[in-house]
Amino acid sequence: MSEWAFREVGFHRLELEHSIHNPRSCRVATKAGFSEEGVRRGSARHADGWHDMHVHARLRSDQPSATTRAASASV
């Protein structure tokens, strides 16, 4: 999806964030080629209260993720 957003839509930057209490989302973001950029403290309200959120981003100029390279190789 990221490669499509860069190639077809022309985005320069994509961001995502997830709760710091969700390490699986952090691994998914990293495997998708998103670099961790920092923490937004108390920025999202969840059912159990306010959560700090990890911020990840990719730039069009970043290398494709390992997941994208593997998918391209199998086509």
Side-chain angles (χ1 to χ4, degrees):
M1 183 67 112
S2 298
E3 298 305 323
W4 173 84
F6 291 132
R7 185 180 59 254
E8 301 298 325
V9 182
F11 283 110
H12 166 71
R13 177 183 171 87
L14 301 173
E15 283 188 17
L16 66 83
E17 62 179 47
H18 63 84
S19 171
I20 63 168
H21 300 297
N22 191 341
R24 290 181 179 160
S25 287
C26 199
R27 285 192 297 274
V28 168
T30 301
K31 285 185 177 187
F34 285 75
S35 299
E36 187 176 332
E37 293 192 329
V39 175
R40 288 189 176 130
R41 298 182 311 127
S43 68
R45 185 159 175 83
H46 291 232
D48 62 347
W50 289 96
H51 284 221
D52 293 348
M53 302 295 283
H54 276 165
V55 179
H56 296 258
R58 279 192 66 189
L59 299 178
R60 181 194 316 233
S61 59
D62 290 344
Q63 294 294 320
S65 70
T67 304
T68 301
R69 286 192 306 273
S72 296
S74 66
V75 173

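Keep in mind it's a predicted model, so treat the numbers as computed, not measured. Both backbone and side-chain heavy atoms feed into the values below; hydrogens, waters and symmetry mates do not.
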inquiry  = Are there over 12 heavy-atom neighbours, none belonging to Arg7, within less than 6.0 Å of that residue's CZ?
reply    = yes
In short, Glu15 meets Ala57 closest at the heavy-atom pair CG-CB, 4.1 Å
Looking only at heavy atoms, the pair that brings Phe6 and Phe11 closest together is CD2-O, 3.2 Å
*asked:* Would you call the rings of His51 and His46 parallel, tilted or perpendicular, taking 30° and 60° as the class edges?
replied: parallel
- Could you go step by step and tell me if His56 and His18 meet the side-chain contact (heavy atoms from CB on, under 4.5 Å) rule? CA-CA 9 Å; His56 296 258; His18 63 84; 3.0 Å; yes
Rounded to the nearest 0.5 angstrom, the CD-OG distance for Glu17 and Ser25 is 11.5 Å
For Gly42 and Asp52, the nearest pair of non-hydrogen atoms, with its separation, is N-OD1, 2.7 Å
inquiry  = Within the 4.5 Å heavy-atom criterion, are Met53 and Ser19 side-chain neighbours or not?
reply    = yes
Exercise for review: Look at the side-chain heavy atoms of Ile, Leu, Val, Met, Phe, Trp and Tyr, link any pair under 4.5 Å apart, and say whether Leu59 and Val55 land in one connected group.
Suggested key: no
| said: Is the shortest side-chain heavy-atom distance between Val39 and His54 below 4.5 Å? | reply: yes
| message | With clusters defined by side-chain heavy atoms of hydrophobic residues (ILVMFWY) lying less than 4.5 Å apart, directly or transitively, does Val9 cluster with Leu16? | response | yes
Quiz item: Same cluster for Val28 and Trp4 if Ile/Leu/Val/Met/Phe/Trp/Tyr side chains link at under 4.5 Å?
Solution: no
So CD1 of Ile20 and CZ of Arg40: to nearest 0.5 Å the spacing works out to 14.0 Å
Distance col, row Glu3:CD vs Arg60:CZ, nearest 0.5 angstrom, shows 10.5 Å
